[in-house]
Amino acid sequence: MKTNYIFVTGGVVSSLGKGIAAASLAAILEARCLNVTIIKLDPYINVDPGTISPIQHGEVFVTEDGAETDLDLGHYERFIRTKMSHRNNFTTGSIYYDVLHKERRGDYLGATIQVIPHITNAIKKRIIEGGEGHDIVLVEIGGTVGDIESLPFLEAIRQMAVEVGRTHTLYMHLTLVPYIDAAGELKTKPTQHSVKELLSIGIQPDVLICRSYRTVPSNERAKIALFCNVLENAVISLKDVDSIYKIPALLQSQDLDDYICERFNLTCPEADLSEWEQVIYQQANPVGEVTIGIVGKYIELPDAYKSVMEALKHAGLKNSITVNINLINAQHVETSSLDILKDLDAILIPGGFGYRGVEGKIITAQYARENNIPYLGICLGMQIAIIEFARNVADMPEANSTEFISYCKYPVVALINELCTTNGNVKLLSKTRNLGGTMRLGSQPCKLTYGSLARKIYGHDLIMERHRHRYEVNNIFLPQLEEAGLRVSGLSSDNKLVEIIEYPDHPWFVASQFHPEFTSTPRDGHPLFTGFIKAAMEYQKTRKK
Ligand code: GLN
């Protein structure tokens, strides 16, 4: 089948939820047995978001093949089963990077390099490569129509209709339909202006998704259709809902998928959304609730912990309970009383970089260990647990990570090459791509220890999980840590790197070097998170007694 393209743009304001809308539509199309993928185009100059602060840009999502991508790719994988890769996200910076590299090599044979055609051609090439082999590819353009920086992307998608044919391209535009309290009315004018802006670039939208606080009634949709030159049944109302997982059903109830299949002339079965109905049912019928504390340092922007927070909610669905999340500033733990941890049913320390807040996290891990509170450590959260255990249990005072202190007597967490110099036999596992040199990225196998809690939770001996870190547990100190009661519950396939640990003397204390949150989905959950929430429920019972 020839690939069909759905280009998703946004207007009026940012944060309309283009990513969620695109992913939700993709979920319906997947439920119609179509082979779907999604690409995100980001208009900024960074080559990838890997170097942008999580406080500015939210979480960096890591794909199976080790690409550091926009957090929207996390939504895509939570809504559809197609796995994302480095082909599914690219930035203006990466396009320029490639074009300039070719220019330096002399590939353009003396031509003057220009935005049109060189940059736009490079964009089109990436879109086509990313969509190869799929029936439908949704292409989300970051930013808002009218932004100077997204113009080359919009020009490229305009040209694509000419090149692949209008029958294989569809433009879907998200706009805001605000409700003005004083007038008691929904206002369609911003939508009209936004479409006018899009038309000035040469793009006539086929579908309008009207984001609004309440349902946009049919008379208003008819008005929008008339003024914006869009069929009335292609003006879709997308009101605010309490769960993003309700959006596929909301779009399908307005027959958006039928409209698209007819447009592309596709014959496929009706969408079976029963799995999504199950998700919504579980969400609406909880039998209890737990409160989980995430102790981190990027709490000003909760998007910094997007996948972790979603994975906790998925685990709530699997256990039929509501998960309340308390974001706690690790620096507050350093300075205030531990009372802020006292009403939690479980504690999670997520990934992070740099020293700020680390001592607060160490205090938190100690509190969880000593008080039998379920603890899940992720990446930095595992390194923190190791440091805490070394200092307070394994008789290694001042133990630390070389990320935070360049010299210490007990560098229980250190860089791979530092490990090499100390025991001489640990090698960097992932050398294949130039990704900043020292970061270990992407999906890697982990062998779970027979008899461990981790092995029981996963139900398998061999698992695949995604990584994003530079530092590792320093094997030199392992015998001392194990002697003191720490159990290594999983190792890398070459047995050289500690991937997951636990404390057999504690009801539920598990910490992993990898990031399980990246593979949790609402439909399937993730065993580690499901086990964690179950442990939180158990702990709540004992606490209440
Ligand atoms: N800063 C730590 C490292 O680089 C942990 C990274 C993370 O939590 N993703 O190893």
Side-chain angles (χ1 to χ4, degrees), residues 48-55 57-64 66-69 71 73-74 294-299 301 303-309 311 327 330 347-362 364-365 375-388 390 399-406 408 411-420 426-430 435-444 446 465-475 477 492 496-501 510-520 528-529:
D48 64 41
T51 54
I52 312 179
S53 159
I55 295 173
H57 193 257
E59 140 191 308
V60 174
F61 184 79
V62 180
T63 58
E64 232 171 31
E68 295 178 277
T69 70
L71 59 75
L73 273 79
I294 297 183
V295 182
K297 72 164 178 181
Y298 309 123
I299 58 155
L301 187 68
D303 269 1
Y305 301 115
K306 193 76 214 172
S307 291
V308 171
M309 290 167 70
L327 284 175
I347 290 174
L348 188 152
I349 298 195
F353 294 83
Y355 183 60
R356 183 168 67 86
V358 159
E359 294 302 330
K361 292 176 192 170
I362 291 173
T364 306
Y375 176 95
L376 177 60
I378 297 178
C379 205
L380 179 64
M382 177 181 110
Q383 298 170 358
I384 292 287
I386 295 273
I387 297 169
E388 187 280 315
N400 217 324
S401 160
T402 55
E403 179 177 3
F404 314 128
I405 186 161
S406 50
C408 69
V412 288
V413 176
L415 281 179
I416 288 270
N417 56 9
E418 291 166 342
L419 303 181
C420 284
V426 180
K427 290 194 191 74
L428 182 63
L429 286 183
S430 161
L435 288 154
T438 48
M439 195 84 102
R440 190 174 162 213
L441 285 162
S443 189
Q444 300 190 3
C446 163
E465 290 283 8
R466 299 183 196 173
H467 291 252
R468 180 174 185 251
H469 56 100
R470 295 190 176 85
Y471 294 81
E472 301 284 351
V473 173
N474 195 343
N475 291 337
F477 300 103
S492 56
K496 288 176 180 164
L497 300 171
V498 173
E499 307 287 46
I500 178 160
I501 60 152
V510 181
S512 67
Q513 189 58 81
F514 50 77
H515 289 265
E517 72 272 26
F518 292 143
T519 46
S520 174
L528 211 45
F529 280 92

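Count residues from 1 along the sequence. One-based numbering, in listed order, for ligands and for the atoms of each. Just so it is clear, the structure is predicted and the values come from calculations on it, not from any experiment. We use all heavy atoms of the structure for the numbers below, so side chains are in, but hydrogens, waters and symmetry mates are not.
With a heavy-atom cut-off of 4.0 Å, H469 touches ligand 1 through backbone and side chain alike. Residue-level proximity to ligand 1 for E403 is carried by the side chain, the only part with a heavy atom below 4.0 angstrom. Contacts of M439 with ligand 1, taken as heavy-atom pairs under 4.0 Å, are absent altogether.
For atom 10 (O) of ligand 1, the nearest protein heavy atom (residue, atom name, distance) is Y471 N, 2.8 Å. When only non-hydrogen protein atoms are considered, atom 4 (O) of ligand 1 lies nearest to R470 N, 3.0 Å.
In this structure, of G377, G352, G351, P350, the residue bringing a heavy atom nearest to atom 6 (C) of ligand 1 is G352.
Looking at E68 and R468, a side-chain N of the basic residue comes within less than 4.0 Å of a carboxylate O on the acidic one, giving a salt bridge. Classification of R440 and E499 as a salt-bridged pair holds, one side-chain N sitting under 4.0 Å from a carboxylate O.
The distance from ligand 1 to the heavy atoms of H515 drops below 4.0 Å at these ligand atoms: 9 (N).
Looking at E59 and S307, their side chains do bring a donor and an acceptor atom within 3.5 Å of each other.
Taking any N or O of Q513, backbone or side chain, none lies under 3.5 Å from an N or O belonging to ligand 1.
Using cut-offs of 30° and 60° for the angle between ring planes, the F404 and Y355 rings count as tilted.
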